[in-house]
Amino acid sequence: MKYNFKSIEKKWQKYWTENNTYKTKIDLDKKKYYVMDMFPYPSGEGLHVGHPLGYIASDIYSRFKKLKGFNVLHPQGYDSFGLPAEQYAIQTGQHPKTTTEKNINTYRNQLDKIGFSFDWSREIRTSNPDYYKWTQLIFIELFESWYDKNQDKARPIDDLIRIFNKSGNQQLTSSTTKNTLKFSSKQWSDFSKENKENILQDYRIAYLAESEVNWCPELGTVLANDEIINGVSERGGFKIEKRLMLQWNMRISAYADRLLNDLDKIDWSSSIKETQRNWIGKSIGVSMNFNIIGHDNSIEVFTTRPDTIFGVSFMTLSPEHELTLKISINENRAEVQEYIKFASNRSEKDRISEVKKITGVFTGSYAEHPLTKKKIPIWVGDYVLASYGTGAVMSVPCGDQRDYNFAKHFDINIPNIFKDKDISYEAFVDKENFELQNSSFLDGLSFDDATNSIISRLEKDGTGTKEINYRLRDAVFSRQRYWGEPFPVYYVNGVPKIIEKKYLPIKLPDVEKYLPTESGDPPLGRAKYWAWDEKENKIVSKNKIDNKIIFPIELNTMPGWAGSSWYFLRYIDPKNSSKICSNEALDYWSNVDLYIGGNEHATGHLLYSRFWTKFLYDREIIPFDEPFKKLINQGMILGSSAIIYRLSGTNKYISKDLLKNEDVEEIHVDVNLVNFSDELDIEGLKKWQPIFEEAEFVSKNNVFMVERKTEKMSKRWYNVVNPDLICEDYGADSLRLFEMFLGPLEQYKPWNTSGIVGTHNFLKKLWKLYVDESGIKVKNIKPELDNLKTLHKTIKKIESDIESYSFNTAVSNFMIAVNELTDQNCVSSEILSPLLIILSPYVPHITEELWSLLGNQESIIKESFPNFEKKYLKEESKIYPISINGKVRLKLELSLDLANKEIEKIIMTNDNVLNKLEGVKPKRIIIVPGKIINLVI
RNA sequence: GCUGAAGUGGUGGAAUUGGUAGACACGUUGGACUUAAAAUCCAAUGGAUAGUAAUAUCCGUGCGGGUUCAAGUCCCGCCUUCAGUACCA
């Protein structure tokens, strides 16, 4: 019997589906284990071999945990709202729902071929109304909450209104939008309804605010900070402008400290924790006021270097600062105005690419130094950001490089407050190894001493307070798009009102075209039925809007991260129609034990879902405050592009091995036209693209060699490898093994199909270990000692490999085991049936088939991962001579059974040692802690 | 610039955490089987020197130092690559 992977895999995949093998239920007798993958966005291009990498690892891990006796939840779904489907809809007029569904089917077909143990009965899709109903509900909860800094948690907005009624907001500490109006309970009760709502917006966690946003004209929408890379949009690489718009926002800044501190509670890679720490960007410093000479206003600045206060020689305001124009003197005002305009027209990209270009203008006004009372000129410069700190800085040119450059450029005085430090070329920016000078009572002090001293002085004078600043901004939550969750919000006289929870979901309306409207409204502006009837509580035609009973509904939709921020909660109880998930399910399944996915979501999805989880915890909807206990970031699989050389300006191509110093261009060709030895199929190439039909190929013996280059797998480079073809040629088990064998899960690694014959050969060898021409050859006989050794060594290794997520070394250990057992001619079922069990997480199809062929021969229980026995693990002591400084020594490595015995005894009892010593008695025995003993002869 | 990760044969990568570096696999070379090819099986495969040979010796984990009986692994100083971030006061 031959190993026929095609029929075997088909057979078992069918069997698993028909028997609902992977359906999971709550089982209180078993411990739970929750393994989750980052769910895919179903793009039109389908899967390439890089996509399933993480899924294979999580599948192996969850199958392994099942064998260890856990009740494992291993679900899968689709992140099916998003921009590409919408852009495709704009081009073709097809409803995104249709194309999304089509893409999902393609994905599902591809995934099914790989033999995953997903519980598909729990599948979710974020674009499904049954799902986004709950996304909308969470939005409502966020809208109806505020962040109480005293209790350090989110609370219902009704509590806040009660506080306002009782005592106004003067005593309140809460996370709010900047510069919230202060009022008493009396004033509160006198406010109009609209006014009250406007004030509440400053407190709500989901709030509407006119804020400066990243506008992308090409995409016609705003983007969050994490959707922008190097000043251009992540998707498409388009230009970004700053614009003031009325937008929904998420007050994630309220959670900054908890998001930072709780990183210590979770088992994530240090790099991703560090990325989140940087993104949150906590800095501790001092906020202080500088009075403006001849004005009532003062300028508030934030600094992390209060110790350098005596080095201040000017101040700088951001162009957007509210005082910039106000304090400019008449002679300078026109110039300042022009500068503000210039700065606002500079796009994000320009600002980043021209970092070194120094621009600024003098306001003509002066501030008073709070300690020396000296006059300090106030400048405007766009190196100061409006969005960080207070939008104004005290400039210390001797201690900050940007201040230094600015001062040099505009010829401003640079006083030196660092003793014996040369500042004639650059600022001295270190926080250590200095002593202050020219700093009055701080003279002679170090950074720490000076900082403490100045802070207590400023706090005593009332001119400054200790403050913490975060880089983390509130997240913009509106998108001017069609294919996303609609907001359950309508507008009464411009004031947002929530549609009650019981009328959810608010379904996405149909539109004729998916473009923004002519007047610039988002695509939902085209929906005919998009008005809310407050009396009937239903959606009605827009024509009926009277602003008395029938009102317009929000036209924006939610961003992509809305649906993905909480999806792990839905898997545990996906069909629940009355709640996000039942308490029973929450108590049993709890949060995710192992989460596997790419690291590109470090500052997006992974931060937002932590934020929402903490919020839901605060509001007592869920009993835990972190979503993912353990996170593994799988590295990308890179493509191995094939490149041929064309003589510049001709249609003549030279084989790689014949290339000398000719002037050539590199042309990417389809990797499927190249065999394992890097030889190009020229006939295939001619058929592939018409340009090659008439081309001339220079090669030796008709063997045309290509160059290989490792780069991201992409259609553009023709280096995409489809897993379907691999399954077709070698089978899913070979693919699963090979993807793991490529290298450590977290590492970036190139794909090279030629290597797959290795894992495929291994499976053939495995097959031959059990089956020969006449059928199954496993016998119910006692195993040899060698067989037992191999088996138990392997069990131990595999277990520790999988537990430590070293999926690649486990594959090697399987290969070693099968090679050894083949050499030993092992046929004992006592060895070969446990071997199948430990292999089954990796290669479920072939092991299932062999199990069924073994019939009743198995001598152990099928369902559990076998325990290894220590007695078979003993290895012989090793001894080897070495030479150190001319002296000969013997190195002795102790075996397990000898480790705790007397030295003399070892030499006496161990044949191996005696043979090596050949009768020579050691002069001295040196015992070094550890396993090695040095014998000096 | 800052932060994080990493540099090992022709290639992907192992190395029980300080103990015979290169496991396992690909590729390459040679051999067997075959009319031939494919498939399969066997052997060799880091480099250098010596030897007909078994073998022996030396050099080898990015570079330069150090600790240690012993360093791919620990310490100090560099170089390079990848990733994240970027006027954050």
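Keep in mind that the numbers below use all heavy atoms, side chains included, and drop hydrogens, waters and symmetry copies. Reminder, nothing fancy here: chain letters follow the sequence lines and each chain counts from 1.
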Determine the contact category for [X]: base if any of its heavy atoms lies under 4.0 Å from a base atom, sugar-phosphate if only primed atoms, P, OP1 or OP2 are that close, otherwise nothing.
X	value
A/Gln747	sugar-phosphate
A/Asn469	nothing
A/Asn752	nothing

Rounded to whole angstroms, how far apart are [atom1] on [X] and [atom2] on [N]?
X	N	atom1	atom2	answer
A/Phe741	B/rA25	CZ	C1'	4 Å
A/Asn808	B/rC24	CG	P	15 Å
A/Ile798	B/rU16	CD1	P	16 Å
A/His792	B/rU16	NE2	P	24 Å
A/Ile637	B/rG13	CD1	P	11 Å
A/Ile280	B/rU85	CD1	C1'	14 Å
A/Trp279	B/rC2	CH2	C1'	16 Å
A/Ile272	B/rU3	CD1	C1'	14 Å

Legend entry - Contact residues, residues 811-818 of chain A to RNA chain B [heavy atom, < 4.0 Å]: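 Result for residues 811-818 of chain A: A/Ser812, A/Met815, A/Ile816, sorted by number.
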Inset, instruction - For RNA chain B, find the residues of residues 388-395 of chain A with a heavy-atom distance under 4.0 Å and give them by number; none if there aren't any. - result: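 Those residues whose heavy atoms fall under 4.0 Å from RNA chain B, taken from residues 388-395 of chain A in numerical order, are A/Tyr388, A/Val393.
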Inset, instruction - List for me each residue that meets side-chain hydrogen bond (donor to acceptor under 3.5 Å, both in side chains) alongside A/Thr822, sequence neighbours excluded, and say none if there are none. - result: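 Testing A/Thr822 for side-chain hydrogen bond (donor to acceptor under 3.5 Å, both in side chains), a comparison that skips the adjacent residues, returns none.
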Legend entry - side-chain hydrogen bond (donor to acceptor under 3.5 Å, both in side chains) against A/Ser270, all qualifying residues, sequence neighbours excluded: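 Partners of A/Ser270 by the side-chain hydrogen bond (donor to acceptor under 3.5 Å, both in side chains) criterion come out as none, since no residue qualifies.
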Identify which nucleotide among [options] has an atom closest to any side-chain atom of [X], counting heavy atoms from C-beta outward.
X	options	result
A/Leu385	B/rA5, B/rA89, B/rC26	B/rA89
A/Arg471	B/rC88, B/rG12, B/rA89	B/rC88
A/Thr303	B/rC26, B/rA89, B/rG13	B/rA89
A/Pro744	B/rA89, B/rC88, B/rG13	B/rG13

Extract from the structure each pairing of a protein N or O with an N or O of nucleotides 74-84 of chain B at less than 3.5 Å, listing the distance.
none

Inset, instruction - For A/Thr465, check side chain to side chain contact (heavy atoms under 4.5 Å, CB included) against everything at least two apart and list the hits. - result: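 A/Thr465: side chain to side chain contact (heavy atoms under 4.5 Å, CB included) contacts with A/Ser287.
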Inset, instruction - Could you tell me which residues satisfy side chain to side chain contact (heavy atoms under 4.5 Å, CB included) with A/Pro377, sequence neighbours excluded, listed by chain and number? - result: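 Once residues adjacent in sequence are excluded, the partners of A/Pro377 under the side chain to side chain contact (heavy atoms under 4.5 Å, CB included) criterion are A/Phe314, A/Phe362, A/Tyr366, A/Trp379.
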Inset, instruction - Please check if the distance between the ring centroids of A/Trp751 and A/Phe738 is under 6.0 Å. - result: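 Yes.
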Taking [M] as the reference, what is the distance to [N] when you measure between their [atom1] atoms (whole Å, please)?
N	M	atom1	result
B/rA71	B/rG60	C1'	14 Å
B/rA54	B/rA15	C1'	29 Å
B/rG22	B/rG72	C1'	11 Å
B/rA6	B/rG18	P	15 Å
B/rC78	B/rG1	P	12 Å
B/rU61	B/rC2	C1'	30 Å
B/rA89	B/rG77	C1'	32 Å
B/rA5	B/rC76	P	14 Å

Inset, instruction - Not counting sequence neighbours, which residues clear ring pair (Phe, Tyr, Trp, His ring centres under 6.0 Å) with A/Phe741? List them please. - result: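 Listed in chain order: nothing, the list is empty.
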Inset, instruction - Say whether A/Tyr470 and A/Ser253, considering side chains only, have a donor N or O and an acceptor N or O under 3.5 Å apart. - result: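 The answer is no; no qualifying pair exists.
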Legend entry - Exceeds 12 heavy-atom contacts within 6.0 angstrom, atom NZ of A/Lys282: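 Yes, because the 6.0 Å sphere around NZ of A/Lys282 holds more than 12 heavy atoms from other groups.
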Legend entry - Atom NZ of A/Lys466 with >12 non-hydrogen neighbours under 6.0 angstrom: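 Check fails, neighbour count at 12 or below.
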Donor-acceptor pair, [X] side chain versus [Y] backbone, under 3.5 Å?
X	Y	result
A/Thr303	A/Arg305	yes
A/Arg473	A/Arg471	yes
A/His792	A/Glu869	yes

Inset, instruction - Using salt bridge (charged side-chain N to carboxylate O under 4.0 Å, His left out) as the criterion, list what pairs up with A/Glu803, not counting sequence neighbours. - result: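 By the salt bridge (charged side-chain N to carboxylate O under 4.0 Å, His left out) rule, A/Glu803 matches no residue at all.
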Inset, instruction - May I ask you to say whether A/Lys793 pairs ionically with A/Glu820, meaning some side-chain N is under 4.0 Å from a carboxylate O? - result: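 Answer for the salt bridge query: yes.
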Legend entry - Short N-O contact, A/Asp400 and A/Lys431, less than 4.0 angstrom: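 The answer is no: the pair does not qualify as a salt bridge.
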Legend entry - Syn/anti state of B/rG66 by chi, 90° boundary around 0: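 You should classify B/rG66 as anti.
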Inset, instruction - Report the glycosidic orientation of B/rU20: syn if within 90° of 0, anti in every other case. - result: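 Anti for B/rU20; the angle lies over 90° from 0.
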Less than 3.5 Å apart, which donor and acceptor atoms pair up between the side chains of residues 597-606 of chain A and the rest of the protein, not counting sequence neighbours?
residue  : atom : partner  : partner atom : Å
A/His605 : ND1  : A/Ser564 : O            : 3.3
A/His605 : NE2  : A/Tyr595 : OH           : 2.8

Legend entry - Spacing of A/Glu467 atom CD and A/Glu300 atom CD [to the nearest 0.5 Å]: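 One finds 6.0 Å between CD of A/Glu467 and CD of A/Glu300.
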Inset, instruction - Might you work through the side chain to side chain donor-acceptor pair (under 3.5 Å) test for A/Ser283 and A/Thr304, ending with a clear yes or no? - result: CA-CA 7 Å; A/Ser283 51; A/Thr304 54; over 6 Å; no
Just the table, please: protein N/O against nucleotides 40-43 of chain B N/O, every pair under 3.5 Å.
residue : atom : partner  : partner atom : Å
B/rU40  : OP1  : A/Asn761 : OD1          : 2.9
B/rU40  : OP1  : A/Lys764 : NZ           : 3.2

Inset, instruction - Would you please classify the geometry between the A/Phe406 ring and the A/Tyr383 ring as parallel, tilted or perpendicular, with 30° and 60° separating the classes? - result: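 A/Tyr383 and A/Phe406: tilted rings.
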Inset, instruction - Report the secondary structure of RNA chain B in dot-bracket form, marking unpaired bases with a dot and bases paired to a different strand with |, and treating Watson-Crick or G-U pairs with both distances under 3.5 Å as paired. - result: (((((((..(((......[....)))((((((.......))))))(((((....)))))..(((((..]....))))))))))))....
Legend entry - 5′-ward residue of the pair A/Thr809/A/Gly758 relative to RNA chain B: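 Looking at RNA chain B, the more 5' nearest nucleotide goes with A/Thr809.
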